[in-house]
Q: 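Mind looking over this structure? Questions follow.
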Amino acid sequence: MAREQLIAMAYHWNEFDDRAALAFALSGKVAALLARSVERRGTALLAVSGGTTPAKFFAALSREQIAWNKVIVTLIDERFVPASSPRSNAGLVAANLLQNAAAAARFVPLYHEAASIEDAARADNEELKALPWPLDVAILGMGGDGHTASFFPDADTLPTLLDPASPRIVLPVHAVSAGEPRLTLSAARILEADFVAVHIEGAEKRAAFDEAMGPGPKKPIRAVLDAAPVPAEIYWAP
Ligand SMILES: O=C(O)[C@H](O)[C@@H](O)[C@H](O)[C@H](O)COP(=O)(O)O
């Protein structure tokens, strides 16, 4: 199979005229998948990313009429800050997703007050074991450096974070480019998801994605997409 075809197997591209149209489409898709899982197994497990991109999508998803009281929401990753911090992904999710109909969902945060990020990750690992794995839906973002989740190119344990055979649920991350230490789901748990979407917006992110898919050094987003058992769905708007 030609390299282009092999690369093409790694993802499916979904392009929208504008960010509102993307939010409408992605929220409808995610709501349908969550509703299907609730019908099949009585619950649904969703993991979302933070950052600045997801707010419109979160707002649209919060208004979807599904059995949110059967849905568990957690994070793909989190900065080592309390929910009160403006840097907190839990705070972003509380303010934008856990509103309207989605306010009935159960939210499981990643941040724990702990002496170290390693202690917090260990506490997470124990607490999150009780969730109904595997993920039904994983919503990833991507940074301009090609990171996704908290798999930063300069993370000191990047191979461990990306190990598709990892038994870990949550791992600690130290990366200078990340700012504060991070807590992240392992790539292994993300790649088990029934549906993996990468939500990116704007020309710069598209260029960064195309570069990451190119012949250059393999960036974390490429490592994740290449390891995905099912092609990930890329959602992009200008
Ligand atoms: O904690 C985070 O920041 C996210 O989980 C991270 O992986 C994010 O998806 C990218 O950094 C893109 O962030 P923007 O949406 O702000 O560009």
Side-chain angles (χ1 to χ4, degrees), residues 11 16 19-20 22-23 26-27 30 46-61 73-97 107-112 117 120-121 124 128 135 137-155 157-158 161-162 169-187 189-191 193 196-212 219-225 228 232-238:
Y11 65 90
F16 300 87
R19 299 179 182 188
L22 184 157
L26 184 54
S27 60
V30 169
L46 164 67
V48 295
S49 290
T52 57
T53 301
K56 284 190 187 67
F57 158 61
F58 284 167
L61 184 57
V73 180
T74 191
L75 289 166
I76 290 283
D77 65 339
E78 179 64 283
R79 298 81 181 270
F80 193 42
V81 295
S84 57
S85 164
R87 295 276 299 156
S88 166
N89 287 339
L92 179 82
V93 168
N96 295 277
L97 176 53
F107 177 63
V108 178
L110 296 188
Y111 174 77
H112 288 82
I117 192 79
D124 271 340
L128 272 71
L135 288 168
V137 175
I139 306 294
L140 297 173
M142 188 196 75
D145 60 357
H147 84 262
T148 189
S150 283
F151 311 146
F152 290 88
D154 61 337
T157 57
L158 189 56
L161 303 176
L162 293 175
I169 298 174
V170 176
L171 288 163
V173 182
H174 293 280
V176 171
S177 65
E180 58 280 288
R182 301 284 186 106
L183 294 157
T184 189
L185 294 190
S186 60
R189 300 294 72 76
I190 292 168
L191 291 170
V196 177
V198 180
H199 175 193
I200 51 177
E201 295 177 349
E204 285 183 21
K205 288 285 181 74
R206 177 167 194 165
F209 181 84
D210 289 344
E211 185 191 346
K219 296 185 177 177
I221 184 66
R222 176 71 185 274
V224 170
L225 294 182
E233 297 289 337
I234 316 303
Y235 279 69
W236 179 81

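Whatever order the structure lists them in is the order used to number ligands and atoms, beginning at 1. Just so you know, these numbers use all the heavy atoms, side chains as well, and skip hydrogens, waters and symmetry mates. Please read all numbers here as calculations on a predicted model, not as lab measurements. Numbers here are sequence positions counted from 1.
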Q: Would you check the N or O atoms of Ser150, main chain and side chain alike, for any that come under 3.5 Å of an N or O of ligand 1?
A: no
Q: Which residue from Asp77, Leu92, Leu183 reaches closest to atom 4 (C) of ligand 1 through any of its heavy atoms?
A: Asp77
Q: Within ligand 1, which atoms have a heavy atom of Thr53 less than 4.0 Å away?
A: 14 (P), 15 (O), 17 (O)
Q: Checking the N or O distance criterion of under 3.5 Å, is ligand 1 in contact with Thr148?
A: no
Q: Check whether Asp154 reaches the backbone of Ser177 with its side chain - one donor and one acceptor, N or O, closer than 3.5 Å.
A: yes
Q: Below 4.0 Å, non-hydrogen atoms only: which portion of Ile76 touches ligand 1? Side chain, backbone, both or neither.
A: neither
Q: Should we say atom NZ of Lys56 is surrounded by more than 12 heavy atoms from elsewhere, each under 6.0 Å from it?
A: no
Q: Please state which protein non-hydrogen atom is closest to atom 17 (O) of ligand 1 and give its distance, to 0.1 Å?
A: Lys205 NZ, 2.6 Å
Q: Tyr235 and His199: aromatic ring centres closer than 6.0 Å?
A: no
Q: Are the side chain of Ser49 and the backbone of Ala149 linked by a donor-acceptor contact shorter than 3.5 Å?
A: no
Q: Considering heavy atoms of the protein only, find what lies nearest to atom 3 (O) of ligand 1 and give residue, atom and distance to 0.1 Å.
A: Arg79 NH2, 2.8 Å
Q: Please indicate whether any nitrogen or oxygen in Ala149 is less than 3.5 Å from any nitrogen or oxygen in ligand 1.
A: yes
Q: Is it true that Glu204 and Arg206 make a salt bridge, defined as a side-chain N closer than 4.0 Å to a carboxylate O?
A: no
Q: Counting each atom of ligand 1 from 1 as listed, which ones have a heavy atom of Gly141 under 4.0 Å away?
A: 9 (O)
Q: What residue and atom, counting heavy atoms only, is the protein's closest point to atom 13 (O) of ligand 1, and at what distance?
A: Gly51 CA, 4.0 Å
Q: Compare all side-chain heavy atoms of Val48 with those of Leu61 and state whether any distance is below 4.5 angstrom.
A: no
Q: Under 4.0 Å from any heavy atom of Arg182, which atoms of ligand 1 are there?
A: 1 (O), 2 (C), 3 (O)
